[in-house]
Enquirer: 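Pasting a structure here, questions to come.
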Amino acid sequence: MIRDAARESMQRDDLKRLQGERLVGLVGRIYENVPLYRQRLDEAGIHPADVKGLDDLARLPFTYKRDLRDTYPFGMFAAPLEDIVRIHASSGTTGKPTTVGYTAADIEVWAEMMARAMAGAGVSRGDIVQNAYGYGLFTGGLGAHYGGERLGASVIPISGGNTQKQLMLMQDYGSTVLCATPSFALYIWDVAQSMGIDMAELPLRVGIFGAEPWSDAMRREIEQKLSIKAIDIYGLSEIMGPGVSCECVEAQDGLHVNEDHFLAEIIDPDTGAPLPDGERGELVFTTLTKQGIPLLRYRTSDITRLNVEPCVCGRTFARMDRVSGRSDDMLIIRGVNVFPSQIESVLLMSPEVAPHYQLIVEREGAMDVLGVEVELTPEVFGTADDHALKALGAAIKRNIKDIVGVTATVDLKQPNTIERSEGKAKRVIDKRPK
Ligand code: DLL
């Protein structure tokens, strides 16, 4: 369902005009209120009065994650703290968390964007939304919560973890929608198996999955095991949280970006040059309406492409491909660029293994070596002999070489030996010396 056709289906020329006007307003706002931007724009010799519309975008400076770190915690806020009603942060692997603030108007927009996303995923009033994204500093929990409520659905704020209880409530309350990371959704299925629950028998109909990269093969696996539609949702704390873009249930072919609020560009991650429509590169966002912490040309590090062709659902907003990885978690193994999601797709071609895997990167001499650890399914583990397992390992290794172009060692593990996640899965263990 299209929640706001006047916007989501607007003519692209009208959309560009709206984006241009909003960009002009944004540049004025950040020049006035954020010292870092005033300095950057002054250094670039750009005065807000020079910025007339979208044509000026490529001249404007980028914003990087390190800018948020350098001005930690509130240095990039454009609104006074009295007007900030919520603070979130994304967990950094090192150092201080990236911290963002929202005004009441920002929270309104966020709820509306999430409601749009969920409506597009086929959720409506009357649905029971089990929200297994973590509540807290992470934006997933509260983001999906407010969106579900805005839509008029019944939201169960169970948060992440508590897998057995997730299943109990799913059965007792008759949840029709699950919001979770895709890896947690699969873990819930694992636990259901061990409890003798057939998830296909439950009323669950739709899953809204995101916050980590996942492949189309993993989608098919989840859809089949849980007997649901699995929808990809994307977002990042710096720009808002979940709901920056989301697939529509009609096409499930790219995530519609809420372009009236978020201006998307694709650039060459090495040179920073904008790339033509349809080319793959780094996704960059400008927040067009944010008040708390508006960002200009924020470098997401996420690698994708944008498709502006009309969609069967009737929306005109550009669709981004599922994120294939991050420019900064991309592994380079003996010269080959490898995204964990590519390996995942190859693993899922073999029904003998479960979608639980980890990539181990080590250095031997001057060479980086890639190890792939993947669990066997319980059936195969219980029945296959050594000879069969050897052949399976060799076949997976060959597939990785043929499809991804890299040689990896393949280690077939016993079921339930790879650490499970109740949030974002840790797919890569990098043991290389820093
Ligand atoms: O993960 C927001 C979110 C919550 C999105 C719930 C979807 C659902 P952060 O913790 O700031 O925010 O992490 C943002 O996660 O730059 C991507 O690299 C990755 N990411 C988010 N969604 C997807 C997705 C939330 N659908 C970072 N596919 C982003 C691939 C995703 N990667």
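Just so you know, these numbers use all the heavy atoms, side chains as well, and skip hydrogens, waters and symmetry mates. Ligands are counted one by one from 1 in listed order, and the atoms in each one are counted from 1 as well. Along the sequence shown, residues carry numbers from 1.
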Enquirer: Using the six-membered ring wherever Trp is involved, compare the ring planes of Y187 and F184 and label them parallel, tilted or perpendicular (cut-offs 30° and 60°).
Expert: tilted
Enquirer: Not counting sequence neighbours, list each pair that qualifies as a salt bridge (charged side-chain N to carboxylate O under 4.0 Å, His left out) and has a residue in residues 143-156.
Expert: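 Sorted pair list: E108-R150, E112-R150.
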Enquirer: State plainly whether the residues D232 and R219 are in salt-bridge range, i.e. N to O under 4.0 Å.
Expert: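 No, no charged N to carboxylate O under 4.0 Å.
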Enquirer: If we only count N/O pairs under 3.5 Å, is G210 in contact with ligand 1?
Expert: no
Enquirer: Looking at D232, which atoms of ligand 1 are within less than 4.0 Å of one of its heavy atoms?
Expert: 24 (C), 26 (N)
Enquirer: Can you confirm whether the side chains of Y298 and T287 place a donor and an acceptor under 3.5 Å from each other?
Expert: no
Enquirer: Mark up the atoms of ligand 1 that fall under 4.0 Å of a heavy atom belonging to G140, in ascending order.
Expert: 4 (C), 6 (C)
Enquirer: As an exercise, identify every atom of ligand 1 less than 4.0 angstrom from a heavy atom of V323.
Expert: 30 (C)
Enquirer: Between K424, E238, E212, which one has a non-hydrogen atom sitting closest to atom 1 (O) of ligand 1?
Expert: K424
Enquirer: Within the 4.0 Å heavy-atom shell around S90, which atoms of ligand 1 are there?
Expert: 11 (O)
Enquirer: Between T103 and D83, does any side-chain donor sit less than 3.5 Å from a side-chain acceptor?
Expert: no
Enquirer: Please list all pairs passing the side chain to side chain donor-acceptor pair (under 3.5 Å) test where one or both residues lie in residues 221-230, with sequence neighbours left out.
Expert: E221-K225, E223-Q252, K229-Q252
Enquirer: Please report whether ligand 1 has a polar contact with T300, defined as an N or O pair separated by less than 3.5 Å (distance criterion only).
Expert: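 No.
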Enquirer: Given G134, P242, S237, A211, identify the one with the heavy atom nearest to atom 11 (O) of ligand 1.
Expert: S237
